[in-house]
Colleague: 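I'd like to ask you about the structure that follows.
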Amino acid sequence: MTEPAQSPRREPDPAVVDAGDGDGKGIYWVLKNVVVGPPVKRIFRPRIVGAENVPDTGAAIIASNHLSYSDWIFMPLVLRRRVTFVAKSDYFTGAGIKGRFQRGFFKGTGQVPIDRSGGSASEGAMRAGMKVLERGELFGIYPEGTRSHDGRLYKGRTGVARLALEAKVPVIPCGVIGTDVVAPPGKIVASFASPTVKFGEPLDFSRYEGMESDRLILRAVTDEIMYKIMELSGQEYIDMYATKAKALEGRAVTGAPEKVRKTDT
């Protein structure tokens, strides 16, 4: 008699595990208040506007423009509460002493790993975000999906809207200014200029409850969020995804023909 076949064991999603366990808070406190925070504040003197718009308690999404890798340093640094972001899973899988240090650093600074190589990257980010919000914490997201390569603000991906509607939490728009001067692409630090971080009033989308599957609603909510970010950052807005803009710029340099994908429409 043959035994019944067993379903293959499904490995847990690392993004969900790490986002849900709440680890790294001690490291975060040390980095923010002892190791990194004090010297960064002393040297760069970041300015904050609208801090009162970030609630002292409760879940919320902070949606920000993205000019530099240093955005995830300066924006959380000016807040009392921890902000959790998603980051490339490569940062969490290194070996040896360097790998352990890197893993502890990114986890301690509020990052959770996402494998961006596959098609499920956005779903992994959604699950990670939900875990953070279910704990009543702040989840940081860059709706553009990547850093701006030219300082302009690009069209937002609708994941931020879907997460806000499914989690039933407010979205706090954020505009960072000057981080691309402090740390432009390819540079660790290029200037000791003082960046500015602005927080707008929380956006309530409860009027769209139950409509998180409606593409038109998701686009409308995302566009409203991006408009508020544009007002805060003062950037020129481009109604095109940043990834497509980068690709077009690269093709203009190389002379390669343009390829249009459904996701670019």
Side-chain angles (χ1 to χ4, degrees), residues 18-19 22-88 91-92 101-113 128-129 132-133 135-144 146-148 151 170-185 187-202 228-229 232-235:
D18 284 288
D23 284 350
K25 291 184 179 180
I27 301 174
Y28 181 82
W29 189 92
V30 171
L31 290 172
K32 182 175 180 178
N33 296 289
V34 181
V35 179
V36 176
V40 168
K41 285 184 176 180
R42 219 167 23 244
I43 294 170
F44 295 98
R45 299 185 181 278
R47 294 184 289 265
I48 180 172
V49 179
E52 68 279 3
N53 290 318
V54 181
D56 292 330
T57 59
I61 297 169
I62 298 183
S64 175
N65 60 328
H66 198 13
L67 295 172
S68 165
Y69 82 87
S70 64
D71 295 337
W72 61 265
I73 296 177
F74 287 109
M75 189 259 273
L77 189 62
V78 299
L79 295 175
R80 290 191 295 271
R81 297 180 64 187
R82 169 173 165 165
V83 183
T84 298
F85 296 88
V86 293
K88 291 188 296 185
Y91 294 141
F92 297 81
F101 175 80
Q102 184 173 263
R103 184 163 54 252
F105 178 82
F106 278 94
K107 198 170 185 179
T109 51
Q111 315 295 304
V112 292
V132 173
L133 296 170
R135 296 202 303 265
E137 299 178 3
L138 299 176
F139 184 68
I141 191 170
Y142 300 113
E144 293 169 277
T146 186
R147 284 180 289 177
S148 172
V171 177
I172 301 166
C174 174
V176 294
I177 303 168
T179 53
D180 54 338
V181 176
V182 173
K187 300 283 186 179
I188 297 178
V189 174
S191 170
F192 294 113
S194 297
T196 300
V197 183
K198 295 182 178 180
F199 297 98
E201 294 183 1
K228 292 298 182 181
I229 293 174
L232 292 167
S233 68
Q235 293 169 279

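Worth knowing before you read on, the calculation uses all heavy atoms, side chains too, and leaves out hydrogens, waters and symmetry mates. From a predicted model like this one, the values you see are computed outputs, not experimental measurements.
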Colleague: Counting only heavy atoms not in K228, do more than 12 fall under 6.0 Å of its NZ?
Modeller: no
Colleague: Of all heavy-atom pairs between V78 and I48, which one has the smallest distance, and what is that distance?
Modeller: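 Closest approach of V78 to I48: O-CD1, 3.3 Å.
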Colleague: Report the residue from Y142, F139, W72 that forms a ring pair (Phe, Tyr, Trp, His ring centres under 6.0 Å) with F85.
Modeller: Y142
Colleague: How far does CG of N33 sit from CG of L77, to the nearest 0.5 angstrom?
Modeller: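 Spacing of CG (N33) from CG (L77) equals 9.0 Å.
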Colleague: When you look at CZ of R45, are more than 12 heavy atoms from neighbouring residues, nucleotides or ligands closer to it than 6.0 Å?
Modeller: no
Colleague: Over all heavy atoms of both residues, which pair between A183 and S70 is shortest? Give the atoms and the distance, please.
Modeller: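 That would be CB-OG, 4.0 Å.
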Colleague: Restricting to ring pair (Phe, Tyr, Trp, His ring centres under 6.0 Å), what partner residues turn up for F44, sequence neighbours left out?
Modeller: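 Partners of F44 by the ring pair (Phe, Tyr, Trp, His ring centres under 6.0 Å) criterion, ordered by chain and then number, come out as F74, F192.
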Colleague: Can you confirm whether W29 sits close enough to V34 that some side-chain heavy atom of one is under 4.5 Å from a side-chain heavy atom of the other?
Modeller: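 A side-chain contact under 4.5 Å exists here.
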Colleague: If every non-hydrogen atom of S64 is compared with every non-hydrogen atom of V176, which pair is closest and at what distance?
Modeller: OG-CG1, 4.1 Å
Colleague: Excluding sequence neighbours, so at least two apart, what forms side chain to side chain donor-acceptor pair (under 3.5 Å) with R80?
Modeller: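 With sequence neighbours excluded, R80 shows a side chain to side chain donor-acceptor pair (under 3.5 Å) to D56, given in chain and number order.
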Colleague: Would you say K187 and S68 make side-chain contact, with heavy atoms under 4.5 Å?
Modeller: no
Colleague: How far apart are the closest heavy atoms of V181 and S191, and which atoms are they?
Modeller: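 V181 and S191 have their closest heavy atoms at O-CB, 3.4 Å.
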Colleague: CG/N53 to CZ/F199 distance, rounded to the nearest 0.5 angstrom?
Modeller: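 Going from CG on N53 over to CZ on F199, the span is 9.0 Å.
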Colleague: About how many Å separate CD1 of I177 and OG1 of T196, when rounded to the nearest 0.5 Å?
Modeller: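 Going from the OG1 atom of T196 to the CD1 atom of I177 covers 5.5 Å.
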Colleague: Show your reasoning for whether side chain to side chain contact (heavy atoms under 4.5 Å, CB included) applies to R82 and T84.
Modeller: CA-CA 7 Å; R82 169 173 165 165; T84 298; 3.8 Å; yes
Colleague: Can you tell me how far apart CG (D180) and CG (N65) are? Round to the nearest 0.5 Å.
Modeller: 9.0 Å
Colleague: To the nearest 0.5 Å, tell me how far E201 CD sits from I172 CD1.
Modeller: 11.0 Å
Colleague: Nearest heavy-atom pair of P195 and G178: which atoms, and what distance?
Modeller: CB-C, 4.3 Å
Colleague: Identify the heavy atoms of C174 and V197 that sit nearest to each other, and give their distance.
Modeller: SG-CG1, 3.8 Å
Colleague: Please report the interatomic distance CE(M75) to NE2(H66), rounded to the nearest 0.5 Å.
Modeller: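 M75 atom CE to H66 atom NE2 measures 10.0 Å (nearest 0.5 Å).
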